[in-house]
Amino acid sequence: MERGIYQFIVKHSWRDQVRLVALSAAAFPFLYYSFELPKTIINSAIEGNGGFPKLLLGLNFEQLPYLFTLCGFFLLLVLINGAFKYVTSTFRYRVGDQLLRRLRFDLIERLLRFPVGEFRTLSSGQIVSMVAAETSPMGFFMAEAFTVPVVAAGTLGTIVLFMFIQDWAMGLAAIALYPVQVYIVPKIQNRVNDLQRQESLSVRGIADRVAQLVAGVTEIHGHDRAQFELAHIAERLDGVYDLRVQIGTRRYLVNLLSQILSQLTPFFFFSIGGYLAVKGHISIGSLVAVLAAHKDMYAPWKDLIDYYQKAEDGRVKYNQLREYFAPPNLMDRTFITGEPETLDLRE
């Protein structure tokens with residue numbers, strides 16, 4: 001298997017990934033103008049700065065026709081951005097399902113190349129759990145491996161660029177608290193990775209035990225061991241429960257931190273932006289546009305944090321699968337794909 005999950009994704013879908021990234025990048029100019037246009041509507045169409053009629057697309061417009069025309073363009077931009085999101089989302093999940101199918105096929109193909117002696121110690125329950133259950137979340141990540149960071153980072157960069165163009169102080173206020181999250185989130189995620197490794201091993205153990213119960217159910221009832229087995233399973237389930245609670249708590253802590261810091265940022269906007277507007281260094285339209293743009297900053301930043309967590313999850317699970325399906329003396333692929341030797345029966 002490839003050394004890492006990104007190498008696997010690139011090897012089997014690099015053309016589709018390039019198309020997805022290019023399609024996502026093509027939406028950024030429309031996104032930028034969807035932030036710029038409200039400022040024009042407020043300053044030029046509603047406040048009437050510069051007087052009327054105004055020239056647009058080679059035609060002269062009075063105030064109300066000009067206002068409605070700009071609002072129509074804004075609606076068109078919203079529809080275009082929505083269309084880009086729909087196309088990229090449906091395309092990338094189709095790519096992710098293809099990669100998931102390929103990963104499962106590769107795992108089963110490697111299983112058939114295990115030395116015969118390995119099957120004496122293998123657990124069918126663990127193998128089924130790894131091939132079916134543990135790979136399923138990886139399919140969602142592989143669908144987003146390159147597109148989500150490009151879209152989220154590009155959207156965030158477009159918003160920050162728009163803010164800096166309006167005023168550099170507003171841009172600095174927008175990004176002032178992000179370094180705090182960049183420092184804290186990886187530290188929390190490292191602990192989550194350790195807990196996820198433990199959870200995967202525990203779930204595999206439960207799957208192995210359930211397979212043994214199914215195989216030996218007659219003996220269990222014959223010796224009246226059902227309560228003992230249930231107690232043993234309950235103990236293992238309690239261990240998985242504790243691990244999942246710790247994982248969920250730490251993940252929620254990351255999201256809570258992001259929400260709190262994002263809600264603190266408007267304080268800087270209202271204070272700094274209000275001061276600049278009072279002093280006449282920035283227009284009311286620009287201030288309103290910046291506030292509206294900031295409202296859209298949380299979504300791409302949360303997408304980046306979620307992506308980072310999913311990437312770490314995918315990396316941990318892939319490495320565990322790679323280690324498990326690479327036993328010593330793994331037979332060469334030609335063992336199952338090569339043509340059998342022909343024998344000359346005349347000798």
Side-chain angles (χ1 to χ4, degrees), residues 19-91 147 150-176 262 265-301 303:
R19 295 189 187 101
L20 281 169
V21 170
L23 187 62
S24 301
F28 295 148
F30 298 98
L31 179 65
Y32 179 86
Y33 284 110
S34 69
F35 296 132
E36 180 72 24
L37 195 53
K39 182 185 74 173
T40 305
I41 291 175
I42 293 174
N43 289 339
S44 185
I46 297 178
E47 292 189 351
N49 295 340
F52 290 92
K54 291 187 182 296
L55 185 66
L56 178 66
L57 300 178
L59 300 174
N60 288 319
F61 289 88
E62 295 298 332
Q63 186 169 13
L64 286 179
Y66 184 69
L67 171 64
F68 293 141
T69 302
L70 292 182
C71 291
F73 281 129
F74 180 77
L75 177 61
L76 180 61
L77 288 173
V78 171
L79 295 177
I80 291 174
N81 288 326
F84 272 110
K85 290 180 180 179
Y86 174 78
V87 173
T88 54
S89 296
T90 55
F91 184 26
T147 309
V150 169
V151 172
T155 301
L156 195 62
T158 301
I159 295 173
V160 173
L161 174 63
F162 172 75
M163 291 179 178
F164 269 98
I165 290 176
Q166 307 311 308
D167 188 90
W168 65 270
M170 300 289 285
L172 288 178
I175 63 175
S262 68
T265 306
F267 164 77
F268 297 104
F269 280 160
F270 286 123
S271 57
I272 298 174
Y275 172 81
L276 293 174
V278 170
K279 292 296 184 179
H281 299 304
I282 187 173
S283 67
I284 297 298
S286 296
L287 180 59
V288 172
V290 167
L291 290 172
H294 172 261
K295 178 179 63 66
D296 295 331
M297 283 186 70
Y298 176 71
W301 179 248
D303 288 344

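Only heavy atoms go into these numbers, but all of them, side chains included; no hydrogens, no water, no symmetry mates.
Distance check, rounded to the nearest 0.5 Å: CD1 of Ile41 to CZ of Phe74 gives 6.5 Å. Note: Leu64 CG to Thr69 OG1 = 10.5 Å, rounded to the nearest 0.5 Å.
The shortest side-chain heavy-atom distance between Ile165 and Tyr32 falls under the 4.5 Å cut-off. Side chains of Ser24 and Val21 form no contact here, defined as non-hydrogen atoms less than 4.5 Å apart.
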Distance-only check: which donor-acceptor pairs under 3.5 Å involve side-chain atoms of residues 75-88, not counting sequence neighbours?
residue, atom, partner, partner atom, Å
Asn81, ND2, Leu77, O, 3.2
Thr88, OG1, Phe84, O, 2.8
Thr88, OG1, Lys85, O, 3.1

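When the ring-ring contact (aromatic ring centres under 6.0 Å, His included) test is applied to Phe73, no partner is found at least two apart in sequence or on another chain. Not a single ring-ring contact (aromatic ring centres under 6.0 Å, His included) links Phe28 to another residue, sequence neighbours left out.
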